[in-house]
Amino acid sequence: MKKYLIVFFMLIGYISNLFSQANISQSNNYEIMTASDSQSVNYTYATVPTRFIEANGIKFAYRSYGKEGDIPVIYFNHLTANLDNCDPRIMDAIATERHIISFDYRGVGATTGEQGTSIANMAKDAIGFIHALGYRQVDIVAFSMGGFITQELLLQEPALARKIILAGTGPRGGKGISDVAGLTYKDILKGLLTFRDPKFYLFFTQNKIGKEAARDFLKRLKERTEKRDEKVKLSVLSKQLKAIKMWGNDKPADLSVFKHPVLVVNGDNDRMVPTPNSYDLANRFPNSEIVIYPNSGHGGIFQYQEEFLKKAIPFLTK
């Protein structure tokens, strides 16, 4: 009995750290800045300071850097992701050509408030955050759950978005999306038993190439060694999974009314949001194109980062 209790508490502790890399410093070591502070193209994602801004009664944590311009690129992150879960290679490459901003959702990382239980509410928060920064229009790069939120943002305020990249994601009501919770918990347990980050299993194929890509990706996420984000709370996982399940079981939205340029990207063997959803999503947008990377999974854009950037940067800059 004692042995099972030890395993149980290990599992709880492991889940509480899910998808968050270890904190090197505490929150009171943040370099707190406001939206009006100067922003430098000399930052990298490993060095850019964390800033804060209030919207909808929430103090949002975000990181903002890159080439200045009227329209920034907003990065919408995945399930239980904090600021330290953005791939620095992708962020830095986009920052050389565009101004890019990442942010923590409500109740995630250093952002205050309680994590919402609906994708639509997360979209409402994102809209408030963007308006608080003073932007009337943005381009969006969204991964996984971030793609769900982006679609709800379009339904609430379509003029706010100009160009959109949707990676590892699918449409509301898409086949298999409501099953994300079961798969996630399964791979959390697998990660516990093998002493690996669950993203190793959730994002990548388990052949030699996929495992190598997983190790490289997880190593990149640790490049920031100072002033890292707050760890993600255990409650965030359950609430976000609940929101995803509801969204996956909901009626599909009519995306044919949106004329935005949309680039849909995924791996050919996505287990979290099954790859057929990417084709479905691309077909629903009238002005879309799709790229599917071979021998890769949910994190195809991380495994094929160079190829992705060769497509994404021209898409965002032309």
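Since the model is a prediction, treat every value here as computed from it, not as a measurement.
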*Looking at residues at least two apart in the chain, or sitting in another chain, which of them share a salt bridge (charged side-chain N to carboxylate O under 4.0 Å, His left out) with Asp280?*
Arg284
*CD1 on Ile127 to CG on Leu154, rounded to 0.5 Å*: 9.0 Å
*asked:* Does Asp197 form a salt bridge (charged side-chain N to carboxylate O under 4.0 Å, His left out) with Lys199? I'd like the steps, not just the answer.
replied: CA-CA 5 Å; Asp197 187 308; Lys199 289 191 291 296; 3.1 Å; yes
*Partners of Lys211 by side chain to side chain contact (heavy atoms under 4.5 Å, CB included), sequence neighbours excluded?*
Phe200, Gln206, Arg215
*Roughly how far, to the nearest 0.5 Å, is CD1 of Ile90 from OH of Tyr75?*
6.0 Å
*Pairs flagged by salt bridge (charged side-chain N to carboxylate O under 4.0 Å, His left out) wherever residues 293-309 is involved - sequence neighbours left out*: none
*Between the side chains of Ser102 and Tyr45, does any donor sit under 3.5 Å from an acceptor?*
yes
*salt bridge (charged side-chain N to carboxylate O under 4.0 Å, His left out) partner of Asp84, the single match among Arg63, Lys231, Lys227*: Arg63
*In terms of side-chain heavy atoms, does Gln303 have a donor or acceptor partner in His298 at a distance below 3.5 Å?*
no
_Please evaluate residues Asn42 and Tyr65 with respect to the criterion side-chain hydrogen bond (donor to acceptor under 3.5 Å, both in side chains), reporting the C-alpha separation (whole Å), side-chain torsions for both, the decisive distance (0.1 Å), and the verdict._
CA-CA 8 Å; Asn42 295 322; Tyr65 73 122; over 6 Å; no
*Do the side chains of Thr47 and Glu226 get nearer than 4.5 Å, heavy atoms only?*
no
_Main-chain N/O of Ile58 paired with Asn56 side-chain donor or acceptor, under 3.5 Å_ = no
*If every non-hydrogen atom of Val264 is compared with every non-hydrogen atom of Ser278, which pair is closest and at what distance?*
CG1-O, 3.6 Å
*Flag, side chain of Thr112 to backbone of Lys59, donor-acceptor distance under 3.5 Å*: yes
*Distance from Leu241 atom CG to Thr80 atom OG1, nearest 0.5 Å?*
8.0 Å
*So, does Tyr105 use its side chain to make a donor-acceptor pair with the main chain of Asn77 at under 3.5 Å?*
yes
_Quick check: do Gln151 and Trp247 have side-chain heavy atoms less than 4.5 Å from each other?_
yes
*First locate atom CD of Gln156, then atom CG of Asn121, and finally report the distance between them rounded to the nearest 0.5 Å.*
8.0 Å
*Do Leu133 and Pro72 come close enough that some side-chain heavy atom pair is under 4.5 Å?*
no
*asked:* Walk me through whether His78 and Gln240 qualify under side-chain hydrogen bond (donor to acceptor under 3.5 Å, both in side chains).
replied: CA-CA 10 Å; His78 62 77; Gln240 288 188 351; over 6 Å; no
*asked:* Could you report the tightest heavy-atom contact between Ala126 and Leu153, atom names first, then the distance?
replied: CB-CD1, 4.5 Å
*With sequence neighbours left out, what residues match Lys311 under side chain to side chain contact (heavy atoms under 4.5 Å, CB included)?*
Leu263, Glu289, Val291
_Listed partners of Asp216 passing side chain to side chain contact (heavy atoms under 4.5 Å, CB included), at least two apart_ = Glu212, Arg220
*Any donor and acceptor pair, going by atom type alone, linking the side chain of Thr111 with main-chain N or O of Phe103 inside 3.5 Å?*
no
*So, for Phe143 and Phe302, is the gap between ring centers shorter than 6.0 Å?*
yes
*asked:* If you define the side chain from C-beta out and look only at heavy atoms, does anything of Thr275 sit under 4.5 Å from Ile292?
replied: yes
*Is the closest side-chain donor-acceptor distance between Asn207 and Asn295 under 3.5 Å?*
yes
_For Val108 against Val232, the heavy-atom pair lying closest together_ = CG1-CG2, 4.2 Å
*Less than 4.5 Å apart, any side-chain heavy atom of Met246 and any of Asp250?*
no
*Taking all non-hydrogen atoms of both residues into account, name the closest pair between Thr150 and Phe76 and its distance.*
OG1-CG, 3.9 Å
*Closest heavy-atom contact between Thr184 and Met272?*
OG1-CE, 3.7 Å
*Using side chain to side chain donor-acceptor pair (under 3.5 Å) as the criterion, list what pairs up with Asn283, not counting sequence neighbours.*
none
*Taking side chain as C-beta onward, heavy atoms only, is Leu79 less than 4.5 Å from Ile244?*
yes
*Report the C-alpha separation of Phe204 and Phe217 in whole Å, then their side-chain angles, then the decisive distance to 0.1 Å, and conclude whether the ring-ring contact (aromatic ring centres under 6.0 Å, His included) test is met.*
CA-CA 10 Å; Phe204 299 91; Phe217 170 67; 5.7 Å; yes
*For residues 269-297, pull every pair meeting ring-ring contact (aromatic ring centres under 6.0 Å, His included), keeping only residues two or more places apart or in separate chains.*
Tyr293-Tyr304
N/O donor-acceptor pairs under 3.5 Å from side chains in residues 158-183, not counting sequence neighbours:
unit_1, atom_1, unit_2, atom_2, d
Arg162, NE, Asp139, OD1, 3.0
Arg162, NH2, Asp139, OD2, 2.8
Lys163, NZ, Phe315, O, 3.0
Lys163, NZ, Lys318, O, 2.5
Thr169, OG1, Ser144, O, 3.0
Arg172, NE, Glu152, OE2, 3.2
Arg172, NH1, Lys251, O, 3.1
Arg172, NH2, Glu152, OE1, 3.4
Arg172, NH2, Glu152, OE2, 2.9
Ser178, OG, Asn249, OD1, 3.4

*Under the side chain to side chain contact (heavy atoms under 4.5 Å, CB included) test, which residues partner Thr317, sequence neighbours left out?*
Glu97, Arg98, Ile313
*Is there a donor-acceptor pair closer than 3.5 Å between any side-chain N or O of Asn269 and the backbone N or O of Gly297?*
no
*Side chains of Arg136 and His131: closer than 4.5 Å at any heavy-atom pair?*
no
*Tell me, please, which residues at least two apart from Thr117 pass side chain to side chain donor-acceptor pair (under 3.5 Å).*
none
*Answer yes or no: is there a donor N or O on one side and an acceptor on the other, between the side chain of Ser64 and the main chain of Ile101, under 3.5 Å?*
no
*Search all heavy atoms of Ile71 against all heavy atoms of Val138 and return the closest pair with its distance.*
CG2-CA, 3.7 Å
*Which distance, rounded to the nearest 0.5 Å, do you find between the CD1 of Ile290 and the CG of Leu281?*
8.0 Å
*asked:* Nearest 0.5 Å, please: how far is CZ in Phe129 from OH in Tyr62?
replied: 6.5 Å
*Side-chain donor-acceptor contact under 3.5 Å, Thr194 with Tyr201*: yes
_salt bridge (charged side-chain N to carboxylate O under 4.0 Å, His left out) contacts touching residues 107-128 (sequence neighbours left out)_ = Arg106-Asp125, Glu114-Lys239
*asked:* Taking salt bridge (charged side-chain N to carboxylate O under 4.0 Å, His left out) as the cut-off, I'd like each qualifying pair that reaches into residues 253-278, sequence neighbours left out, listed once.
replied: Asp187-Arg271
